[in-house]
Amino acid sequence: MVIVVPASQHSDESWKSGGGNYFFELLQSAKERYGEHAVDIFIVDENSPNSVWQASLAQFLVSTAATHCVAFVESDPGHSGRWNWGNFAALARRSWDGAFVGILTDGLYLLHQARATRFRHAFPRSSFVAIDIDQSRYAGFLPDRTIFGPCFLPISDSSVTALSRANSDVGNQREFDIVFVGKVYPNREGFLDELKSSGLRIGVNPHRQDPATRPGYPEYITALGRGHFTVNLSEAGGFPAPQLKSRVLEGPLFGTIICSDESALAQRFFGAGDFVYFDSVEGLKAAVIPLLKDASRLETMRATAKVRARAIASDAFWSTVERGLLENGLTLPMRDSAARPSA
């Protein structure tokens, strides 16, 4: 039994296929990979004192005979400003003999790496997945086999189907040459301003024309597809280092071509011909203008990248989880016979 622990409760309307809820996607993709009856969820009451949710989770793992627990561990469930997972690790070690997998979405920050190390000291049967970084960057700072990455957070089969159906006519709505969909951090403003003056048709967050509204995930996916190309700016907000961004997967998965300012992380998953690499606005123009003039080549590139994205939509994450478990000498989750095979 695999137990998934979300970082927050799941009572909002995004808890559905195609809703863009990372915790739903984790649970649903685990069910698709290991089987409906091989996966369960533990919801932490956000009002529970630390000692209560920690003891309740440890008891739940024992009572369900859980072999694995997968959780977002950068903060306490429901409390972004607190971190008490280290205390849970010490408690679980006394009563539970399964394997723990911690998820870091901002693994490049040394604080999160230090906390992962602390957890592993308290609970050695653990492994951590960093979504955003290549673990080799930090090999000198961390004990061996602590953090594995990069990979994408999973997008379940059911969500790919739902979003693909909703965006089936996106190819007829490409009013932009290039779109950028994401937060406009201060370190992105200069590039985006220069891009708008490039002479190309540029859309910056075209789904957010009304500042008073907050579009949902389906609108975000549709916005990606409104351009022939989608720009990926990889530098972390407030930290001068690249991260693997989810749009590198989402763009080709839902019909647009990624233009990325970094290639090392992207090429862990895609061939060099599946996306456009650039190091300046002029370099970006020089790469995309010939493609915009060659519809056949553009469509071939888009189709090839989409096939690859579909193959790794959830497999990239769970394969990384399994690699970390194996390299730490831990068992892999058992699969129901009805579960789909991995890519």
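Treat the numbers as computed from the prediction; the structure is a model and nothing was measured. Residues: numbered from 1 along the sequence shown.
Residues V62 and L91 fall into different hydrophobic clusters, defined by Ile, Leu, Val, Met, Phe, Trp and Tyr side chains chained together at heavy-atom separations under 4.5 Å. No continuous path of ILVMFWY side-chain contacts below 4.5 Å connects V179 to L298, so the two sit in separate hydrophobic clusters. Grouping the Ile, Leu, Val, Met, Phe, Trp and Tyr side chains by contacts below 4.5 angstrom, directly or via other members, places L325 with V2. Each of V288 and V248 belongs to its own hydrophobic cluster when Ile, Leu, Val, Met, Phe, Trp and Tyr are linked at side-chain heavy-atom distances under 4.5 angstrom.
Between the side chains of S17 and S158, a donor-acceptor pair is found at a separation under 3.5 Å. In this model, no donor atom of one side chain and acceptor atom of the other lie less than 3.5 Å apart for S159 and Q28. If you check the side chains of Q243 and S234, you find no donor sitting under 3.5 Å from an acceptor. For N328 and R120, the side-chain atoms include at least one donor-acceptor pair closer than 3.5 Å. For the 3.5 Å distance criterion, the side chains of Y220 and E250 qualify, holding a donor opposite an acceptor. Judged purely by distance below 3.5 Å, without hydrogens or angles, the side chains of T105 and E74 pair a donor atom with an acceptor atom.
Between E262 and A266, the shortest heavy-atom contact is OE2-N, 2.9 Å. Between F123 and A89, the shortest heavy-atom contact is CD1-O, 3.6 Å. A pairwise comparison of heavy atoms in L244 and P150 identifies CD2-CB, 3.9 Å as the closest pair. Summarising the geometry of F278 relative to C259, their closest heavy-atom pair is CE2-O, 3.3 Å, with the distance given to 0.1 Å. Nearest heavy atoms, N232 versus S260: ND2-OG, 3.1 Å. Of all the heavy atoms in N87 and R118, the pair that sits closest is OD1-NH2, 3.8 Å.
Between E299 and R302, at least one side-chain nitrogen of the basic residue sits less than 4.0 Å from a carboxylate oxygen of the acidic one, meeting the salt-bridge criterion. Looking at K245 and D132, no side-chain N of the basic residue comes within less than 4.0 Å of a carboxylate O on the acidic one, giving no salt bridge.
By the salt bridge (Lys or Arg N to Asp or Glu O under 4.0 Å) test, E175 is found to be paired with R226, residues two or more places apart in sequence or in another chain being considered.
Remark: side-chain polar atoms of K285 are paired, donor with acceptor, to backbone N or O of S198 under 3.5 angstrom.
Atoms CZ and CZ, on R308 and F275 in that order, are 12.5 Å from each other to the nearest 0.5 Å.
Annotation: F72, atom CZ; neighbour count of heavy atoms from other residues, nucleotides and ligands within 6.0 Å is above 12. Applying the 6.0 Å contact sphere to NE2 of H37 captures no more than 12 heavy atoms from other residues, nucleotides or ligands.
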For a side-chain contact (heavy atoms from CB on, under 4.5 Å) check, start with the C-alpha distance between T64 and I3, then their side-chain angles and the critical distance, and finish with the verdict.
CA-CA 9 Å; T64 57; I3 304 301; 3.9 Å; yes
Test R310 against D157 for salt bridge (charged side-chain N to carboxylate O under 4.0 Å, His left out), laying out the working first.
CA-CA 9 Å; R310 183 66 188 88; D157 289 350; 3.2 Å; yes
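Looking at heavy atoms from C-beta onward, V129 lies in side-chain contact with V101 at the 4.5 angstrom threshold. The closest side-chain heavy-atom distance from F317 to T320 is not below 4.5 Å. Side chains of I178 and H228 form no contact here, defined as non-hydrogen atoms less than 4.5 Å apart.
In this pair, F88 and F100 present their aromatic rings tilted. The plane angle is within the 30 to 60° band. Using cut-offs of 30° and 60° for the angle between ring planes, the Y34 and W318 rings count as perpendicular.
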